[in-house]
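Proteins come first, then strands; the chains are lettered A, B, ... in the order of their sequence lines, and each starts at number 1.
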Number of protein chains: 2
Amino acid sequence: MSTLTNALTTAEAATTTGWSARMLRYVEQLGLVVPPRSASGYRLYGPAQLQRLRTLRELLERSGLELGDVGVALRLRREPELAAALDAWFQTQLETEPRRPQGLPDDSDWLAFEQQKHTQLLEH
Amino acid sequence: MSTLTNALTTAEAATTTGWSARMLRYVEQLGLVVPPRSASGYRLYGPAQLQRLRTLRELLERSGLELGDVGVALRLRREPELAAALDAWFQTQLETEPRRPQGLPDDSDWLAFEQQKHTQLLEH
DNA sequence: GGCACCCTGACACGATCGTGGTAGGGTTGT
DNA sequence: ACAACCCTACCACGATCGTGTCAGGGTGCC
């Protein structure tokens with residue numbers, strides 16, 4: 001098998017990283033570790049992906065986060081409008097008066113992007 | 001009732017914000033909107049909390065996030081070590097060679113904090 | 001002192017998550 | 001060509017989430 005191309009197949013990657021083959025596909029579906037594909041569609045896990053899978057394991061164990069949580073964090077990284085909206089919300093705490101901060105343009109269209117990009121993390 | 005103290009009780013806050021009383025308690029349990037309490041333990045929703053509840057509603061509808069997702073984002077805000085760990089992981093993508101970045105001290109104790117603070121978001 | 005409200009804790013129940021398994025069909029190497 | 005792999009698409013199933021409801025007990029006010 002891949003003694004020359006240094007890219008592992010799904011089952012091989014599974015055994016060396018401690019995940020199951022099923023979970024590797026699931027992790028890919030969440031957009032967390034997406035390996036390139038061969039011409040015929042086989043997943044090809046290179047050193048970068050293997051490293052990513054191992055450290056992901058560490059991360060989950062040490063932090064107590066779940067896979068979906070990391071997916072959310074990834075989404076925040078990819079959609080800065082969303083992260084900004086969250087930032088804004090977190091700071092709605094102290095303003096007990098209806099004093100408008102007046103440095104912002106206007107908060108009427110404060111978050112104007114099509115939702116529903118939520119479910120299609122991968123365009124498959 | 002509270003025409004003088006301008007702080008609403010749970011049921012009142014529920015009707016004016018569109019949440020249910022049950023959900024208000026759940027949102028509090030997630031640490032997202034935590035109202036102060038009266039001496040006898042009644043929740044007192046002031047204008048800040050009401051605003052927070054309404055904008056939280058907006059946020060969820062527009063972004064497609066779930067309540068738990070916002071909880072995770074909040075956790076990232078409160079635990080910068082965790083956010084740093086995630087940052088580190090997200091950048092493990094491009095290093096296809098085992099070249100160590102050598103600007104970092106050492107990644108052996110790269111994330112050393114007691115887990116299990118996960119379940120006790122509120123110390124109750 | 002009663003009535004209307006609040007609290008916590010529990011059970012319930014559909015929906016989603018994490019994970020395994022299987023079926024049906026292509027690919028690869030000898 | 002045949003075994004040994006890989007793929008996608010399902011079904012299953014326990015665990016957790018989101019939400020309602022109810023019981024048992026305290027609080028506030030007329």
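In this structure, B:T10 does not reach the C:dC6 phosphate: none of its side-chain N or O atoms is under 4.0 Å from OP1 or OP2. The side chain of A:S40 contributes an N or O atom lying less than 4.0 Å from OP1 or OP2 of C:dT28. The side chain of B:S20 contributes an N or O atom lying less than 4.0 Å from OP1 or OP2 of D:dG20.
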Intermediate values then yes/no, side chain to side chain contact (heavy atoms under 4.5 Å, CB included), B:V72 and A:E66:
CA-CA 10 Å; B:V72 171; A:E66 319 264 332; over 6 Å; no
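With contacts defined as side-chain heavy-atom distances shorter than 4.5 Å, the pair A:L24/A:E28 does not qualify. At a threshold of 4.5 Å between non-hydrogen side-chain atoms, the residues A:R57 and A:W19 count as touching. Between B:S63 and A:E81 there is no side-chain heavy-atom pair separated by less than 4.5 Å.
In the set D:dG18, D:dC7, D:dC6, D:dG18 carries the atom at the smallest distance from any side-chain atom of B:L67. Side-chain atoms of A:Y42 lie closest to C:dT28 of the nucleotides D:dT8, C:dT28, C:dA10. Listed nucleotides C:dG18, C:dC11, D:dG18 differ in distance to B:R22; the shortest reach to its side chain belongs to C:dC11.
Rounded to whole Å, the distance from CG on A:L30 to P on C:dG18 is 7 Å. Distance CD (B:E12) to C1' (D:dG28): 13 Å, rounded to an integer number of Å. With rounding to whole Å, A:M23 atom CE is found 12 Å from C:dG21 atom C1'. Rounded to an integer number of Å, the gap from CH2 of A:W19 to C1' of C:dG20 is 15 Å. Straight-line distance from the CG atom of A:L8 to the C1' atom of D:dC5: 14 Å, rounded to whole Å. Atom C1' of nucleotide D:dC7 and atom CZ of A:R37 are separated by 8 Å, given to the nearest angstrom. Rounded to whole angstrom, the span from the CD atom of B:E28 across to the P atom of C:dG9 amounts to 12 Å. The interatomic distance linking A:E66 (CD) with C:dT16 (C1') rounds to 13 Å, in whole Å.
At a cut-off of 3.5 angstrom, the base of C:dG20 holds no donor-acceptor pair with the side chain of A:Y26.
Map B:R25 and A:R43 each onto its nearest nucleotide of DNA chain D; the residue landing nearer the 5' end is A:R43.
Judged by distance alone, with hydrogens and angles left aside, the side-chain atoms of B:Q51 form no donor-acceptor pair with the main-chain N or O of B:A48 at under 3.5 Å.
Within 4.0 Å (heavy atoms only), B:A21 reaches no atom of the nucleic acid at all.
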